[in-house]
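Below is one structure; the comments refer to it alone.
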Amino acid sequence: MLDIAEELDRWVGQGRDFAVATVVAVSGSAPRRPGAALAVDADGTAIGSVSGGCVEGAVYELCRQALEDGEPVLERFGYSDDDAFAVGLTCGGIIDILVTPVRTGDPVRPVVAAALKAAASGAAAALARVVSGPSGLVGRALLVRSDGDHDGGSPDSNAYEGGFAGSGRFAKGSGSGGRFESGYHDGLTGYHDGLVHERDAGGGGSFESGYRDDGSPDPGFLDPRSPGRGSCGTGFYQGGFGAHPELDRTVAAEARAFLDAGRTGTLDIGEQGSRCGAPITVLVESSVPAPRMIVFGAIDFAAALVRVGKFLNYHVTVCDARPVFATADRFPEADEIVVEWPHQYLERTRVDARTVLCVLTHDAKFDVPLLRRALRLPVAYVGAMGSRRTHLDRNRRLREAGVTELELTRLRSPIGLDLGARTPEETALSIAAEIVAERRGGSGVPLTGAHTPIHHDVSSSPAGRIGSVA
């Protein structure tokens with residue numbers, strides 16, 4: 001769902017009702033991975049995709065039905081040899097799809113709305129939804145954000161949808177008291193002030209979205225099944241599943257781990273947050289900021305690589321110590337241009353396990369101090385441009401600078417795959433291909449005649465067991 005967050009966030013802002021179908025688990029040659037989504041609004045407008053076209057029509061109808069009856073549904077699609085016209089995946093794979101209605105007044109809407117707002121703004125967030133389990137839990141949602149802070153029940157902390165609310169303002173740090181400064185909104189009589197709730201109310205510590213208009217005589221009552229916001233030990237979560245309070249805390253902690261890894265997948269857990277109780281399966285979708293690509297060397301090859309990096313959804317930085325070359329006019333598509341000695345910039349900037357470093361300077365005075373630092377960082381990829389003679393000379397200099405043989409094995413040099421590239425654009429494609437192969441576990445050999453799988457992503461679950469963690 002979070003892969004189409006920008007469009008869905010606009011739908012929420014426009015007050016549209018919609019249903020969203022999300023890929024939960026895949027097996028075989030399924031075209032889309034877990035988290036891919038198709039959404040349909042009440043007017044029949046559709047965005048996104050779950051299969052690249054194979055089962056879109058059937059999933060579209062499931063979304064329309066969910067909008068009518070308000071019931072989430074889990075459906076499996078696979079290949080059928082018996083009927084050429086049967087709805088299935090022609091590629092032979094199997095996908096499990098969760099369809100969730102997100103209508104005004106639905107309990108899940110405030111949590112989904114907050115998740116969409118976070119993802120659309122580029123903030124890190126993880127949305128956990130029950131895929132299968134006891135009746136009444138399927139489709140329930142919980143949101144974890146890396147900043148540990150959330151709006152109440154909607155993207156706008158002062159305007160709530162369908163009677164959902166936390167308040168306009170909240171007392172900060174109220175982990176045990178759960179005090180609301182501006183009260184709650186019941187959808188009928190406005191805001192109520194000065195309400196204080198004990199730690200055990202609703203199974204959480206401090207609440208942001210714990211008030212709900214569910215059609216009861218007093219819509220302002222705190223629904224004990226809706227914990228709103230609570231502490232999971234590694235931050236705060238919003239929403240909840242309405243079962244055992246330990247389930248919310250455990251899933252929130254697990255979702256935070258998924259978020260830290262930038263991973264989408266499923267987990268199996270007991271209804272009471274451990275092995276106890278009826279088993280449930282939870283889908284955790286992570287939305288994280290774009291990974292970084294840092295291109296060192298403001299040359300013509302770098303300009304082509306910037307364009308390819310943006311196409312692959314990287315946040316691209318160009319760094320060069322020469323101000324005459326590192327300019328916005330030469331790199332209009334770069335997110336950031338830095339005029340600084342490369343190794344000094346690398347020492348102070350933020351990198352992580354998804355960052356890729358492309359060294360295109362092929363000048364020893366830049367390369368050696370830069371690579372000496374780069375090869376000791378926990379990044380995804382380090383590549384350096386140059387001829388084979390340059391590569392051998394550079395390795396000699398790096399060894400003299402104290403770089404170990406183990407560290408040198410991390411260096412991709414000469415950079416890129418053997419495509420016979422000549423132009424800057426072809427070279428950029430060669431580099432990007434190597435980065436993708438490194439990321440996905442690909443071999444880089446032609447698929448024609450090969451007996452390797454097309455998709456190397458090992459994070460998908462076996463179709464025989466929905467929700468297993470790879």
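Residue numbers count from 1 along this sequence. Remember, predicted model here, so these are calculated numbers, not experimental data.
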Could you go step by step and tell me if Ile435 and Leu312 meet the side-chain contact (heavy atoms from CB on, under 4.5 Å) rule? CA-CA 10 Å; Ile435 290 171; Leu312 293 176; 5.7 Å; no
Would you give the length of the straight line joining atom [atom1] of [X] to atom [atom2] of [Y], rounded to the nearest 0.5 angstrom?
| X | Y | atom1 | atom2 | result |
| --- | --- | --- | --- | --- |
| Glu285 | Thr266 | CD | OG1 | 11.5 Å |
| Leu38 | Tyr60 | CG | OH | 9.0 Å |
| Glu7 | Phe18 | CD | CZ | 11.5 Å |
| Asp3 | Leu8 | CG | CG | 8.5 Å |
| Arg440 | Ser443 | CZ | OG | 15.0 Å |
| Arg354 | Tyr314 | CZ | OH | 8.5 Å |

[Y] backbone acceptor or donor facing [X] side chain under 3.5 Å:
| X | Y | answer |
| --- | --- | --- |
| Asp9 | Leu116 | no |
| Thr349 | Leu346 | no |
| Gln238 | Ala114 | no |
| Tyr381 | Met293 | no |
| Thr250 | Glu246 | yes |
| Thr100 | Pro72 | no |
| Ser132 | Ile280 | no |
| Arg292 | Arg350 | yes |
| Asp352 | Thr355 | yes |
| Arg410 | Leu377 | yes |

Tell me, do [X] and [Y] make a side-chain contact under 4.5 Å, heavy atoms counted?
| X | Y | result |
| --- | --- | --- |
| Cys358 | Ile415 | yes |
| Val130 | Val251 | no |
| Val23 | Arg33 | no |
| Val50 | Phe77 | no |
| Val288 | Leu259 | yes |
| Phe331 | Val316 | no |
| Pro289 | His315 | no |
| Leu419 | Leu429 | yes |

Minimum heavy-atom separation for [X] to [Y], with atom names?
| X | Y | answer |
| --- | --- | --- |
| Ile4 | Ala39 | CD1-CB, 4.1 Å |
| Ala334 | Val318 | CB-CG2, 4.0 Å |
| Arg64 | Gly44 | NH1-CA, 3.8 Å |
| Ala21 | Ile97 | CB-CG2, 3.7 Å |
| Gly15 | Thr104 | O-OG1, 4.3 Å |
| Val284 | Ala128 | CG2-CB, 4.2 Å |

Compute whether any side-chain donor of one residue and acceptor of the other, for Thr45 and Arg16, lie under 3.5 angstrom apart.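 Checked: Thr45/Arg16 side chains show no N/O donor-acceptor pair below 3.5 Å.
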Pair Ile294-Val351, side-chain contact (heavy atoms from CB on, under 4.5 Å): steps then yes or no: CA-CA 9 Å; Ile294 308 179; Val351 299; 4.3 Å; yes
Start with the C-alpha gap between Asp335 and Lys310, add the side-chain angles, then the distance that decides, and say whether salt bridge (Lys or Arg N to Asp or Glu O under 4.0 Å) holds. CA-CA 9 Å; Asp335 295 290; Lys310 292 301 297 178; 2.8 Å; yes
Show your working on side-chain contact (heavy atoms from CB on, under 4.5 Å) between Val99 and Glu75 and close with a plain yes or no. CA-CA 8 Å; Val99 181; Glu75 190 77 18; 5.9 Å; no
More than 12 heavy atoms of other residues, nucleotides or ligands under 6.0 Å from CD of Glu333: yes or no? yes
Go through it in stages, so that I can follow the logic: the residues are Asp106 and Arg109, the test is salt bridge (Lys or Arg N to Asp or Glu O under 4.0 Å), and I'd like the CA-CA distance, side-chain angles, deciding distance and then a yes or no. CA-CA 6 Å; Asp106 285 342; Arg109 186 171 177 108; over 6 Å; no
If we check side-chain contact (heavy atoms from CB on, under 4.5 Å) with Ser286, which of these qualifies: Asp260, Leu127, Thr264? Thr264
Test side-chain contact (heavy atoms from CB on, under 4.5 Å) on Thr22 and Arg129; report intermediate values, then the result. CA-CA 10 Å; Thr22 308; Arg129 285 182 289 159; 2.8 Å; yes
